[in-house]
Each structure stands twice: as C-alpha cells, then as structure tokens.
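These notes concern the structure reproduced below.
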Amino acid sequence: MLTSKQRANLRGLAASAETLFQVGKDGLTENFISGCDSALAARELIKLSVLKSAPVTPREAGELTAARLNAEFVAAIGSKFILYRYNKNKSEHVSLG
C-alpha cells in the first residue's frame, strides 16, 4: 500500500513519462493486460491512457488493471492513469521518495 507522499512522488515521475498503451473500445483485453504486465516488469512505473470510446473510465481501468496485475493504482489524471509494481529482480528501482 502506497502512502500519499509516495503517490505524489510517483505522479511527479510519471508526468514526464511516455504513455505506453491505450484502452480502446474493446476495453481491457488480454493483450492489453499482457502488455501492461511486461511493461511493469521492465519499468515498474507506467502511464496509460483511455480513449473516449472505451467502455471504462480511467479510474475504473486503472483499478481493474492493477487488481489483475497485483500492482498499485497510483492515480487517474484526465484520460490517463498510472500504475506501479515493485520488481524485486530489477537492479535499479523507481524511487518512492
């Protein structure tokens, strides 16, 4: 569980990060979840977006994706959301502040 201070720090780090994937009209597909899983393993912190045609809101998409991937939902800002998952096998980690 992340503290509010850790969430704020992760939001700041994600501000300059590139959006990796988009949730479209098909919603949270297996390909989307699989891609997010791989990205979290490699980066720990990812930013994703939700298109207007998607059947879920950014908050819903973030919470559902985080639950399926055993990750932390950091925040939903506008049409984007941020996920974090610690990777113990990685040599360099995202600073939680």
Side-chain angles (χ1 to χ4, degrees):
M1 188 76 168
L2 296 172
T3 66
S4 60
K5 193 171 192 172
Q6 289 170 329
R7 284 183 196 282
N9 184 54
L10 290 172
R11 276 194 311 270
L13 292 172
S16 62
E18 160 183 340
T19 302
L20 295 180
F21 302 107
Q22 295 179 331
V23 178
K25 65 179 180 179
D26 295 332
L28 303 174
T29 64
E30 284 304 315
N31 285 338
F32 174 80
I33 297 296
S34 175
C36 290
D37 190 33
S38 298
L40 281 168
R43 301 175 184 226
E44 293 186 332
L45 182 68
I46 59 173
K47 182 165 69 172
L48 307 117
S49 69
V50 178
L51 299 176
K52 290 182 181 183
S53 60
V56 291
T57 67
R59 176 168 291 281
E60 290 169 338
E63 290 173 349
L64 291 169
T65 304
R68 288 184 66 181
L69 296 174
N70 196 26
E72 292 282 344
F73 171 70
V74 177
I77 304 164
S79 65
K80 301 192 182 326
F81 65 96
I82 305 161
L83 299 178
Y84 170 78
R85 183 174 71 192
Y86 180 79
N87 181 353
K88 65 182 176 203
N89 298 323
K90 203 169 172 224
S91 60
E92 291 185 32
H93 299 282
V94 172
S95 172
L96 290 178

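Bear in mind that the values here come from a model prediction, so they are computed numbers and not experimental data.
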- Apply side-chain hydrogen bond (donor to acceptor under 3.5 Å, both in side chains) to Glu18 and list each qualifying residue two or more places apart in sequence or on a separate chain.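 If we apply the side-chain hydrogen bond (donor to acceptor under 3.5 Å, both in side chains) test to Glu18, skipping adjacent residues, there are no hits.
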
- Task: Evaluate side-chain contact (heavy atoms from CB on, under 4.5 Å) for Val74 paired with Arg11, printing each intermediate quantity in order.
- Result: CA-CA 7 Å; Val74 177; Arg11 276 194 311 270; 4.1 Å; yes

- Task: Find out whether Ile77 and Ile82 are in side-chain contact, i.e. whether some heavy atom of one side chain is under 4.5 Å from a heavy atom of the other.
- Result: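 Yes, at least one pair of side-chain atoms sits under 4.5 Å.
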
- Take Leu45 and Leu10 through the side-chain contact (heavy atoms from CB on, under 4.5 Å) test and state the conclusion after the steps. CA-CA 8 Å; Leu45 182 68; Leu10 290 172; 4.1 Å; yes

- Distance-only, no hydrogens or angles: does the Asn87 side chain make a donor-acceptor pair with backbone N or O of Glu44 under 3.5 Å?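 Such a contact is absent between Asn87 side chain and Glu44 backbone.
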
- Please confirm whether the backbone N or O of Ser53 pairs with a side-chain atom of Lys25, one donor and one acceptor, at under 3.5 Å?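 No; zero donor-acceptor contacts below 3.5 Å.
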
- Item | Residues forming a side chain to side chain contact (heavy atoms under 4.5 Å, CB included) with Ser91, sequence neighbours excluded |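 Per chain and number, Ser91 pairs via side chain to side chain contact (heavy atoms under 4.5 Å, CB included) with no residue.
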
With a cut-off of 3.5 Å and sequence neighbours excluded, list every side-chain donor-acceptor pair involving residues 57-67.
unit_1 : atom_1 : unit_2 : atom_2 : d
Thr57  : OG1    : Glu60  : N      : 3.1
Thr57  : OG1    : Glu60  : OE1    : 3.4
Arg59  : NH1    : Glu63  : OE2    : 3.4
Glu60  : OE1    : Thr57  : N      : 2.9
Thr65  : OG1    : Ala61  : O      : 2.7

- With a cutoff of under 4.5 Å between side-chain heavy atoms, which Ile, Leu, Val, Met, Phe, Trp and Tyr residues group with Met1?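 Direct or chained contacts put Met1 with none.
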
- Pairs flagged by side chain to side chain donor-acceptor pair (under 3.5 Å) wherever residues 76-85 is involved - sequence neighbours left out: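 The answer is Asp37-Arg85.
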
- Message: Just verifying a value: how many Å separate Tyr86 OH and Asn70 CG, rounded to the nearest 0.5 Å?
- Response: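 Answer for the OH-CG pair, Tyr86 versus Asn70, is 14.0 Å.
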
- Query: Residues two or more places apart in sequence or in another chain: which of them pass ring pair (Phe, Tyr, Trp, His ring centres under 6.0 Å) with Phe21?
  - Reply: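 Listed in chain order: nothing, the list is empty.
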
